[in-house]
Amino acid sequence: MARTKILGCLAAIALLAGCSREKYLAVSCKNFTEQLILGEIVAQHLENRLHQPVVRKFGLGGTLLVQQGLLSKEIDIYPEYTGTAFTNVLKQKPISDAAAVLARLRADYAKWKLEWLDPLGFNNSFALAVRGEDARARRLETLSDAARDPAGFVLGAGYEFMGRPDGYEMLNRAYPIKWTKSPSSMDLGLLYQALGQKQVSMVAGSVTDGALSVIDAKVLKDDKRVFPPYQACLVVRSEVLEKPGLRSVLDELKGKISDEAMRKMNQEVDGKHRQSSEVAREFLQQMK
């Protein structure tokens, strides 16, 4: 196995050595499961449709690092979330209007000769979920329903949700939910386990969490639309989009990845410990 990987790396290096920077595409992503899957989907789709070398520069540490990679022309394409770029790159306060956020990103990024393509289809926003049995028994569909429920809830949440202004603080401003005890901050990987074991009665996760595809849980609708949009889009260097056929090939991914599809792919990697490259390949085969 090790020998095969070494030979593969040497072959890739030899291939790129004969290519100028303009003759190959560099696809990047950040260092968590969903991003690795999206990066593979983009890279494999380009390889399948354009039949040209694609370099994977995966697992970068965060939004600002990948942004710098684009500006320095070290990378060409990567998947990003509208709300993340709006607050972290543009330094704007979060707003809930998805169209306004995307329009502002497109206008400001154009100054850097970067382009936001149309959304891939899913919105990885915060998700407040309860056990399915509780949702059915207490008739919970929305966060407003939860706010009207006199029994109240015990919240389990990641540290980020508790600390961010668009997380717990925003939830409490919009929905006067009765908390029967102080929220429990925990690692994101423990949220749904705590919910299933009834240590908490509501968790703050993400819409595309893989566990939501396999457990009996109900994501409560943000009926007041207070949480910012986190639509997944591809950010591409404008210069690269001038390559023949590239824009149309990338546009083939537009709207193709639903919340449910992304949840299932995340679960295949995190829950079943499959390779992100295999999961991406299966998705592209099904997309045809």
Side-chain angles (χ1 to χ4, degrees), residues 30-38 79 81-84 87 94 96 120-136 138 140-147 149 152-172 174-175 177 179 181-232 257-273 276 279:
K30 290 181 270 188
N31 59 349
F32 58 93
T33 296
E34 184 167 291
Q35 282 272 305
L36 293 168
I37 295 170
L38 292 174
Y81 308 96
T82 53
T84 301
T87 56
S96 60
L120 295 171
F122 70 93
N123 178 23
N124 193 10
S125 184
F126 287 123
L128 279 296
V130 297
R131 287 183 292 275
E133 60 186 277
D134 289 346
R136 293 185 288 271
R138 296 161 69 173
L140 303 173
E141 291 287 337
T142 68
L143 286 171
S144 289
D145 291 338
D149 192 302
F153 299 87
V154 178
L155 179 68
Y159 307 104
E160 187 178 18
F161 182 82
M162 296 306 301
R164 283 172 48 164
D166 59 339
Y168 185 65
E169 179 184 329
M170 184 171 287
L171 173 68
N172 283 324
Y175 301 101
I177 296 172
W179 304 116
K181 62 183 294 189
S182 297
S184 296
S185 296
M186 63 186 72
D187 185 87
L188 293 175
L190 300 176
L191 284 180
Y192 298 103
Q193 179 181 328
L195 184 67
Q197 295 176 351
K198 299 189 176 181
Q199 297 170 8
V200 298
S201 54
M202 181 185 293
V203 294
S206 298
V207 170
T208 58
D209 286 341
L212 291 172
S213 68
V214 294
I215 66 171
D216 181 21
K218 172 74 174 179
V219 175
L220 301 180
K221 183 179 179 182
D222 175 18
D223 51 304
K224 293 183 181 180
R225 298 180 61 213
V226 297
F227 290 122
Y230 286 87
Q231 294 178 293
I257 309 177
S258 65
D259 293 351
E260 181 182 9
M262 197 67 248
R263 276 196 293 267
K264 288 181 177 178
M265 286 191 282
N266 283 335
Q267 179 60 19
E268 288 294 308
V269 175
D270 287 335
K272 298 183 180 179
H273 309 294
S276 56
V279 174

Hey, are the side chains of [X] and [Y] touching, using non-hydrogen atoms and a 4.5 Å cut-off?
X	Y	result
Ile257	Met265	yes
Lys30	Thr84	yes
Tyr175	Asp223	yes
Leu140	Leu220	yes
Glu34	Asn124	yes

Supply the atom-to-atom distance [X] [atom1] to [Y] [atom2], rounded to the nearest 0.5 angstrom.
X	Y	atom1	atom2	value
Leu212	Arg263	CG	CZ	6.0 Å
Ser144	Lys221	OG	NZ	10.0 Å
Asp187	Ser185	CG	OG	11.5 Å

If you take all heavy atoms of [X] and [Y], which pair is closest and at what distance?
X	Y	result
Ala211	Gln267	N-OE1, 3.5 Å
Met186	Leu191	CG-CD2, 3.6 Å
Asp259	Gly121	OD1-O, 4.4 Å
Asn123	Pro229	OD1-C, 3.6 Å
Val130	Leu195	C-CD2, 4.1 Å
Val269	Ser276	CG2-CA, 3.9 Å

Could you go through the side-chain contact (heavy atoms from CB on, under 4.5 Å) check for Leu188 and Phe32 one step at a time?
-> CA-CA 12 Å; Leu188 293 175; Phe32 58 93; over 6 Å; no
CA sep, side-chain torsions, deciding dist, call: Leu128, Ile177, side-chain contact (heavy atoms from CB on, under 4.5 Å) | CA-CA 12 Å; Leu128 279 296; Ile177 296 172; over 6 Å; no
Could you verify whether a donor N or O on one side chain and an acceptor N or O on the other, from Asn266 and Thr33, lie under 3.5 Å apart?
->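 The answer is no; no qualifying pair exists.
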Side-chain donor-acceptor contacts of residues 198-206 below 3.5 Å, not counting sequence neighbours, with atom names and distances?
residue : atom : partner : partner atom : Å
Gln199  : NE2  : Gln197  : OE1          : 2.7
Ser201  : OG   : Val154  : N            : 2.7
Ser201  : OG   : Val154  : O            : 3.4

Start with the C-alpha distance between Phe161 and Leu155, add both sets of side-chain angles, then the distance that settles side-chain contact (heavy atoms from CB on, under 4.5 Å), and finish with yes or no.
-> CA-CA 11 Å; Phe161 182 82; Leu155 179 68; 4.3 Å; yes
Stepwise side-chain contact (heavy atoms from CB on, under 4.5 Å) test for Arg138 and Asp145 | CA-CA 9 Å; Arg138 296 161 69 173; Asp145 291 338; over 6 Å; no
Salt-bridge contact Asp166-Arg164 (side-chain N to carboxylate O under 4.0 Å) |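 So Asp166 pairs with Arg164 through a salt bridge.
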Salt bridge between Glu268 and Lys264, side-chain N to carboxylate O under 4.0 Å?
->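 Judged by the 4.0 Å cut-off on N to carboxylate O distance, Glu268 and Lys264 do not form a salt bridge.
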Is there any ring pair (Phe, Tyr, Trp, His ring centres under 6.0 Å) pair reaching into residues 202-223, and which pairs are they, with sequence neighbours excluded?
->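 Output for this query is empty, none listed.
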Scan residues 203-230 for pairs that pass ring pair (Phe, Tyr, Trp, His ring centres under 6.0 Å), counting only residues two or more places apart or in two chains.
->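 Every ring pair (Phe, Tyr, Trp, His ring centres under 6.0 Å) pair that includes a residue of residues 203-230, provided the two are not neighbours, is Phe126-Phe227.
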